[in-house]
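Proteins get letters first, then strands, A, B, ... in listed order; numbering begins at 1 in each. Predicted, not measured: the structure shown is a model, and the values here were computed from it.
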Amino acid sequence: MVAKQKQVKAKGLTHEGRDYSAKTLHEMHDMMLYIRRFEEKAGQMYGLKKIGGFCHLCNGQEAVCVGMEHASESTDYVMTSYRDHGHILARGSDPTAVMAELLGRAGGVVKGKGGSMHMFDVEKNFAGGNGIVGEQVPIGIGFAFSSWYRNDGRVTICFIGDGGVNQGAVYESFNIASLWKLPVVFVIENNQYAMGTSIGRASAETHLFKRGISFKVPGMQIDGMDVLEVERKMSEAIAHARSGEGPIIVEAMTYRYRGHSMSDPATYRTRAEVDEWRSGRDPIARLQQQMIGAGLGTEESFKEKDREIKKAVAKMVKDAEAQPEPDPSELWTDIYCDPIEGAYPYPGKVG
Amino acid sequence: MVAKQKQVKAKGLTHEGRDYSAKTLHEMHDMMLYIRRFEEKAGQMYGLKKIGGFCHLCNGQEAVCVGMEHASESTDYVMTSYRDHGHILARGSDPTAVMAELLGRAGGVVKGKGGSMHMFDVEKNFAGGNGIVGEQVPIGIGFAFSSWYRNDGRVTICFIGDGGVNQGAVYESFNIASLWKLPVVFVIENNQYAMGTSIGRASAETHLFKRGISFKVPGMQIDGMDVLEVERKMSEAIAHARSGEGPIIVEAMTYRYRGHSMSDPATYRTRAEVDEWRSGRDPIARLQQQMIGAGLGTEESFKEKDREIKKAVAKMVKDAEAQPEPDPSELWTDIYCDPIEGAYPYPGKVG
Amino acid sequence: MSRITYREALNQAMCEEMENDDRVFLMGEEVAEYNGAYKVSQGMLEKFGPKRVIDTPITELGFAGLGVGAAMAGLKPVIEFMTWNFAILALDQIVNAAAKMKYMSGGQYSVPMVFRGAGGSAARVGAQHSQALENWLVNVPGLKVVMPSNPADAKGLLKAAIRDNDTVCFIENEINYGDIGEVPDGEYIIPLGRADIKRAGRDVTIVAHSRMVGYALAAAEELARQGIDAEVIDPRTIRPLDENTILTSVAKTNRAVVVEEGWRFCGIGAEISARIMERGFDDLDAPVARVTGKDVPMAYAENLERLTMPSVAEIVEAVRVVCGRA
Amino acid sequence: MSRITYREALNQAMCEEMENDDRVFLMGEEVAEYNGAYKVSQGMLEKFGPKRVIDTPITELGFAGLGVGAAMAGLKPVIEFMTWNFAILALDQIVNAAAKMKYMSGGQYSVPMVFRGAGGSAARVGAQHSQALENWLVNVPGLKVVMPSNPADAKGLLKAAIRDNDTVCFIENEINYGDIGEVPDGEYIIPLGRADIKRAGRDVTIVAHSRMVGYALAAAEELARQGIDAEVIDPRTIRPLDENTILTSVAKTNRAVVVEEGWRFCGIGAEISARIMERGFDDLDAPVARVTGKDVPMAYAENLERLTMPSVAEIVEAVRVVCGRA
Ligand SMILES: Cc1ncc(C[n+]2csc(CCOP(=O)(O)OP(=O)(O)O)c2C)c(N)n1
Ligand SMILES: Cc1ncc(C[n+]2csc(CCOP(=O)(O)OP(=O)(O)O)c2C)c(N)n1
Ligand SMILES: [Mg+2]
Ligand SMILES: [Mg+2]
């Protein structure tokens with residue numbers, strides 16, 4: 001994508017000295033809006049009990065994963081926590097497969113076996129979808145290690161939350177990545193709450209980009225509500241990692257509009273606080289204003305686009321719902337690559 | 001002990017503006033020398049196969065635990081790793097019981113059940129003796145939490161090695177201790193090697209006193225080969241923790257003269273390097289010179305003292321060896337405070 | 001007696017014990033201001049204040065170890081794991097420190113504390129949130145492992161666990177939190193290590209714990225309709241196990257089925273089966289059967305999840321086989 | 001064939017596989033410059049260089065997870081735990097990531113790697129260094145658990161484990177590292193999941209793994225002198241378990257004793273006993289007996305340690321009881 005931005009179109013816009021083609025801007029906008037509508041739909045389906053278990057939406061945080069996607073190569077590796085719908089959609093996975101996963105259908109991106117928290121798409125180099133807070137960080141440096149080992153020029157982009165960043169595994173990983181100069185960008189999505197715990201109640205050092213200092217990992221704080229800033233700063237960070245200079249931390253300041261999960265009323269935040277972010281700093285509205293200013297759209301054209309996307313989402317959900325549940329035989333698949341005949345499945349009679 | 005230093009004797013010495021009585025200086029010297037001779041004896045007993053398993057000696061590091069002891073109150077809590085002989089002796093536990101423990105005898109400080117790596121003495125507020133690298137750090141903040149909870153004015157002094165300091169549990173503990181301002185001093189005994197791994201091969205940030213920056217834990221680096229500096233700086237650190245300002249890190253630069261454990265030939269270090277520390281910076285020789293300079297002793301008087309100590313150690317070992325092994329019935333004691341009659345021991349027939 | 005939920009019963013137990021003993025405190029993720037992820041600690045922050053009801057960062061190993069140290073220093077911590085799934089990160093402190101400390105220290109340091117939280121597979125939460133950690137914890141001398149199956153047991157056992165001077169792993173079940181039952185008011189203690197006969201019967205012994213007790217009782221009702229009178233035993237405390245109650249029952253029924261939600265391989269069912277083998281072999285008219293969670297990670301899809309869990313039908317079927325009626 | 005140590009056999013297996021496949025690398029504490037805490041990786045740094053033989057900081061959770069990620073990315077890591085005792089800190093990555101990844105990802109990501117190191121209680125190393133983690137690992141679908149008892153098995157099984165496309169927990173025994181035995185040179189693969197009859201016998205089946213195989217064989221010699229002809233079976237791969245070989249033997253001998261070094265409660269002996277109950281009940285002339293490590297933390301004192309471990313005498317005694325000769 002970096003390449004793409006070089007061949008700047010007649011129309012487009014220049015922001016902080018960086019040129020964005022109309023095509024790129026529309027891609028960013030449309031993807032953010034698609035994720036927003038996708039999550040709203042997921043929320044509805046959860047309300048209708050068609051989605052079960054834990055379901056964590058990313059409304060408000062769309063700029064982080066979309067900006068990341070535009071700054072990265074499709075060959076780069078990406079992994080995150082259980083709040084993964086936006087990331088896998090931004091990576092370009094089939095939305096129908098993602099929704100089918102939420103519905104627990106056979107055509108789900110992981111065959112209905114993972115659900116909301118465990119989305120994976122090996123084709124898109126998206127490695128989850130991890131439910132244990134912090135777990136993806138050691139895994140992330142493993143992907144980065146493989147790039148170092150093979151010298152394949154790939155970068156790993158590993159997301160963590162502001163609560164997850166306190167896990168010890170994160171610092172074991174910072175130290176190893178820094179010591180061996182592994183090509184990894186640690187993106188801390190600082191939405192300022194870990195469930196009901198505001199960052200100040202969980203972190204002694206609340207400037208999370210400084211969490212690498214003790215391990216010589218540089219860090220920067222960016223506005224996670226501005227997709228162009230995310231794209232620009234993530235490009236710098238990814239270039240740093242790709243150049244062999246080692247890991248870098250990007251703290252993206254953002255906010256989740258909804259509760260932690262569908263079962264969280266989020267009474268621990270004031271209406272005023274939510275509104276300040278929601279109406280004051282919304283990443284989609286912001287990009288729309290910038291594009292309108294550059295003559296790349298109008299209030300009306302964006303309304304029209306929104307109608308299109310809502311239609312597309314509605315159709316997508318229908319297609320996903322039309323899918324059958326996984327075949328019961330799937331219960332016993334994907335456990336071993338080399339199952340041992342006669343000894344597995346255990347006990348033998350089943351399956 | 002802080003109190004003790006106030007009533008300065010006619011004779012004594014002033015170092016960096018701090019007065020030390022002759023009594024205090026002799027106590028420090030004698031304890032360091034006792035630990036040195038104790039460890040040498042332990043090494044011999046290991047050679048004679050009278051001590052088994054892992055046995056980690058602290059020759060060269062005596063100033064760290066002795067300086068700590070003089071800077072702390074007997075009511076303060078202390079815990080460390082498996083390299084714990086010096087610490088428990090400095091705390092004032094009965095050397096015969098410590099040696100008996102190494103020999104696996106009934107009169108061992110933990111009845112012969114723990115061995116070299118698991119020394120404990122609740123009377124002396126010494127909480128181990130932990131064999132899992134880094135494990136004592138979360139336990140340490142637990143003791144500090146109890147002092148915070150009870151407001152009992154105690155400080156916890158938690159030791160850790162330069163290799164152990166990379167464990168994730170350490171940073172989870174730094175964050176919690178800093179967030180809640182717990183009264184704890186983290187002493188990093190930086191002897192520059194973790195088994196055969198020199199610090200630069202394991203730590204991205206080798207200035208270990210900076211390992212707290214990312215968690216707002218202040219730190220200082222001190223000369224761990226100078227018992228007076230250790231006593232002085234540890235007094236500052238303990239005062240900081242006791243005052244309610246929260247945790248602090250003390251990185252004590254030191255060196256282990258022997259291998260990692262009795263089974264380590266330590267070929268990963270040059271003779272020259274070992275000699276530089278051993279003859280150039282030995283903490284015992286150094287204090288002797290300072291005391292001689294202050295007229296508190298002579299080459300001869302220290303030689304005499306050494307002969308006394310060697311005699312005492314020899315007798316101590318005899319007493320320890322004279323002890324019987326633990327009674328076989330001890331196998332089934334100390335597992336539960338409230339064993340459940342009829343259900344434990346399991347299986348019922350035994351014990 | 002009042003009719004309250006399993007959740008409220010746990011809350012009552014903690015509140016009463018915290019009123020009795022100011023060494024007791026509750027610490028964990030979201031236990032204070034959020035009133036607990038599953039509302040078990042509802043109102044406790046307000047009642048006891050921020051010094052005794054404490055929210056932690058998401059660092060299970062760190063705060064589990066903090067609890068161990070605090071217990072060694074003389075406090076009586078109740079450490080909540082939001083779910084036991086996350087305790088896998090804290091096992092070093094639970095097993096190497098808490099369980100072994102008294103022995104390693106020659107009896108000098110005991111670790112009187114409770115680790116508690118929801119275990120089992122809840123509903124639709126997938127592979128990483130459906131770990132039955134009890135299979136590992138019961139392996140460890142020095143630990144006690146308690147798993148209540150109804151509100152009254154939840155209260156009586158948690159009060160006993162908090163008063164106990166050893167480390168108790170107290171494993172609740174999220175699916176049971178909303179269950180309502182008669183619970184004695186005030187002082188009500190169920191001694192640890194005592195199994196309970198949830199249903200008396202003559203023909204077969206069904207041993208089940210936690211959520212599976214409900215399944216076993218449902219199966220017993222169905223079996224009664226089919227003319228098989230099942231006795232249902234809930235060990236309640238898994239470690240140490242009250243094997244005498246089980247063996248006495250098997251001596252009477254001569255047949256046994258063990259039910260567990262967790263994985264089969266080295267699960268609690270294996271242990272109980274082996275003990276019946278060792279001590280009740282001559283009483284057996286048929287081999288002990290195990291009904292367990294399937295030997296697969298937990299899937300998200302509703303149908304696969306249902307297939308993974310033991311079912312009432314599977315229990316009924318197993319009993320019929322053991323009774324030679326299949 | 002050459003006579004080499006168990007340690008050298010493991011070294012040979014790793015070297016040969018690293019020569020065959022450059023996706024294979026060895027990582028762990030002290031594996032490179034120190035040549036391994038127990039010298040298992042002797043000379044490997046020199047042979048393969050610092051890119052493929054890598055020393056790590058002391059951060060088990062971190063480098064275990066690194067291995068999982070590297071395997072997901074297509075490499076074949078061999079991650080050494082200096083001893084398995086320390087893997088307790090890494091269980092989240094082994095169990096929640098490695099074991100469940102293929103299932104959670106709908107088959108997209110496999111985790112072809114080996115976690116290896118010394119397990120068991122070694123000698124005089126006390127409570128925290130004597131954990132038998134295999135009792136927990138075998139509980140987990142998605143993992144394979146291998147425990148070789150002699151040099152030839154060590155080589156053949158480790159080569160198979162490295163080639164395997166699943167996550168294999170390979171548990172060696174420190175006490176066996178110095179054992180010498182005949183080991184085939186070059187290509188020698190023992191398929192995973194196959195038990196081995198270490199001694200044929202008619203009267204009783206003794207099932208033992210790892211270090212306990214030696215104890216079982218010693219007991220068999222003593223029993224032979226007493227006129228009892230014992231068959232000794234070494235499962236070698238514990239999960240999945242080759243139960244058919246065990247059941248076939250029990251069908252012949254009608255009596256069985258299971259021996260394990262680890263703790264009894266929900267140990268491997270319980271599982272094997274339960275399986276014989278389920279599939280071999282009618283073959284049994286006596287209840288299956290278990291000889292296990294005592295249900296206590298491991299003490300340091302020489303006499304207490306000896307009492308904690310299973311002994312040849314205890315195995316002999318158990319067999320005599322099972323054979324009605326006690
Ligand atoms: C090890 C572990 N502990 C606890 C949980 C329960 N839990 C799930 S999400 C969460 C909060 C995480 O917050 P943050 O890291 O800020 O990510 P966010 O939800 O804001 O995206 C917690 C405590 C878990 N899944 N894993
Ligand atoms: C969790 C864990 N991993 C590995 C080991 C093995 N081990 C024992 S000591 C040691 C080195 C520790 O070095 P350091 O922290 O510098 O302390 P020192 O020995 O220098 O006092 C290692 C790797 C262990 N005991 N625990
Ligand atoms: Mg957050
Ligand atoms: Mg060191």
Pairs of heavy atoms under 4.5 Å with chain D: top-ranked of B:G164, B:A106, B:G131: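 Max contact count across the listed options: B:G131.
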With rounding to the nearest 0.5 Å, note down the distance linking [atom1] in [X] to [atom2] in [Y].
X: B:H260; Y: D:Y34; atom1: NE2; atom2: OH; answer: 7.5 Å
X: B:H118; Y: D:H129; atom1: NE2; atom2: NE2; answer: 6.5 Å
X: B:I132; Y: D:Q131; atom1: CD1; atom2: CD; answer: 8.5 Å
X: B:L331; Y: D:T308; atom1: CG; atom2: OG1; answer: 4.5 Å
X: B:Y346; Y: D:T292; atom1: OH; atom2: OG1; answer: 7.0 Å

NZ (D:K51) with more than 12 external heavy atoms under 6.0 Å: yes
D:E33 side chain to B:G196 backbone, donor-acceptor under 3.5 Å: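 Judged by distance alone, no pair lies under 3.5 Å.
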Expected output: side-chain D:Y300 to main-chain B:L102 donor-acceptor under 3.5 Å: yes
Contact class of [X] relative to chain B, heavy atoms under 4.5 angstrom:
X: D:N303; answer: both
X: D:E29; answer: neither
X: D:L304; answer: both
X: D:I88; answer: neither

Heavy-atom side-chain contact between D:D295 and B:Y344 under 4.5 Å: yes
Looking only at heavy atoms, which two atoms of [X] and [Y] are closest? And how far apart?
X: B:M195; Y: D:A37; answer: CE-CB, 4.4 Å
X: D:D55; Y: B:R201; answer: OD2-NH1, 2.9 Å
X: B:P326; Y: D:A301; answer: CG-CB, 3.5 Å
X: D:E30; Y: B:A194; answer: OE2-O, 2.9 Å
X: B:Q167; Y: D:L89; answer: NE2-CD1, 3.8 Å

Test side-chain contact (heavy atoms from CB on, under 4.5 Å) applied to D:E302 and B:E325, step by step: CA-CA 8 Å; D:E302 200 277 339; B:E325 285 190 312; 3.8 Å; yes
Part of B:D327 lying under 4.5 Å from any heavy atom of chain D: backbone
Residues of residues 46-54 of chain B contacting chain D, heavy-atom criterion under 4.5 Å, by residue number: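 Residues in range: B:I51, B:G52, B:G53, B:F54.
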Trace of the side-chain contact (heavy atoms from CB on, under 4.5 Å) decision for B:N166 with D:I58: CA-CA 6 Å; B:N166 292 315; D:I58 307 167; 5.6 Å; no
